[in-house]
Amino acid sequence: MIDLPSDVEAARLLERLGVSSRDRDETLAARPDPQEHPELWRSLERCYRDLTSHLGAALPADGYRALPAFPAEAGPVALHLYVWLYLAVLPRTLRYHAERGIDPRTSWETLSTLGPVMAEHRSVHGLGGVGGFDQWCPPLKFRGTEYKLGRLEYDRGHGERPDGMTGYVLHLHIPSGTPLSPDSCDESFDLARTFFERHFPEEPVSHFACHSWLLDPQLAEYLSERSNIVRFLRRFTLKPRTSGDADRADGDLLEYLFSKPSRQEPVTESRLAVLPQETSLQRAYVAHLRSGRNWRARTGWMPYRTAR
Ligand SMILES: CC(C)(COP(=O)(O)OP(=O)(O)OC[C@H]1O[C@@H](n2cnc3c(N)ncnc32)[C@H](O)[C@@H]1OP(=O)(O)O)[C@@H](O)C(=O)NCCC(=O)NCCS
């Protein structure tokens, strides 16, 4: 039931998805085959069924589970399996976008974030593919839930609001890239309001929501009030922390600040000692952990209408 594109078609699509020629060639060389890789093929079919059965669905209030990462030693076919999944789903994604009246430029801008994800995978894991990462955002893009609008990305979803009720919120993501200037954020919020009101008018949004290390107010102890990160976090009303350590982000930050694999906690002194200390944030990361504290991923909201 799953129909993979030919090598010629896959190469053309990968280029449109922003994938480098090296990543394109390694993807083609890692094509999964039902006879040669029966287990991976079954997994591919399962993911395809799951993704296509949720095509167009907003995120449910009780959350969403990423497609799980493979261990680095699983080999190239496993590490490229999700790339082939996205290629297989792509025609349906484009059809869905067209039915919603979404212009092709926004479609491709959203989907062509696959190239940077593959580049990041190579930089963090030293290997081609995407499978070393849990797959959070890419499946949401290919099922029509997430859109890139200017500097920021947004998931349509039901979610908790600051009053404790649930309703439509736009979950905001910050892809790596250009600086997070206040102007680029304002411009993106304006684009988001126009886009979602036009294409999803039946989902009345009340808030932008964000869950990120970028909202950890401890950052303001180290970075200037003029820094983009502090100006970004000041926009949000934070959800109070509950007890426990579930929001600990020390490991995640290794990936975001140092391009190191992130699932290795605790971050010990021997690992801190070899981290580069080139930026104020990299220095803050190390000083904070050495003082015996931890970094946190926090949740915050901004009202949808007045957010600037
Ligand atoms: C979000 C992001 C674009 C902010 O960068 P920015 O606009 O330069 O941020 P600021 O202006 O606040 O930077 C303040 C300082 O921190 C440094 N800094 C910011 N992000 C950094 C990063 N990812 N790695 C290392 N240093 C970083 C800046 O270079 C600057 O250092 P300086 O004072 O020595 O000049 C950047 O952190 C990034 O690309 N992050 C990866 C994506 C991410 O983490 N998304 C959230 C996922 S939950």
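Here, residue 1 is the first one in the sequence, and each next residue gets the next number. Just follow the structure's listing: the first ligand is 1, and inside any ligand the first atom is 1.
Here Arg151 does not pair with Glu109 in a salt bridge; the nearest charged N to carboxylate O distance is not below 4.0 Å. The pair Lys239-Glu160 meets the salt-bridge criterion, since a charged nitrogen lies less than 4.0 angstrom from a carboxylate oxygen.
Under 4.0 Å from any atom of ligand 1, one finds heavy atoms of residues Arg151, Ile174, Ser176, Gly177, Thr178, Pro179, Leu180, Ser212, Trp213, Leu214, Ser227, Asn228, Ile229, Tyr256, Leu257, Thr279, Ser280, Leu281, Gln282.
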Test side-chain hydrogen bond (donor to acceptor under 3.5 Å, both in side chains) applied to Ser188 and Tyr154, step by step: CA-CA 10 Å; Ser188 178; Tyr154 303 86; 2.6 Å; yes
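By the side-chain hydrogen bond (donor to acceptor under 3.5 Å, both in side chains) test, Asp163 is found to be paired with Arg161, residues two or more places apart in sequence or in another chain being considered.
Residue pairs satisfying the ring-ring contact (aromatic ring centres under 6.0 Å, His included) criterion with at least one member in residues 214-239, sequence neighbours excluded, are listed as follows: Tyr222-His288, Tyr222-Trp295, Phe232-Phe236.
Chaining together hydrophobic side chains whose heavy atoms lie under 4.5 Å apart places Trp136 alongside Leu59, Tyr64, Leu140.
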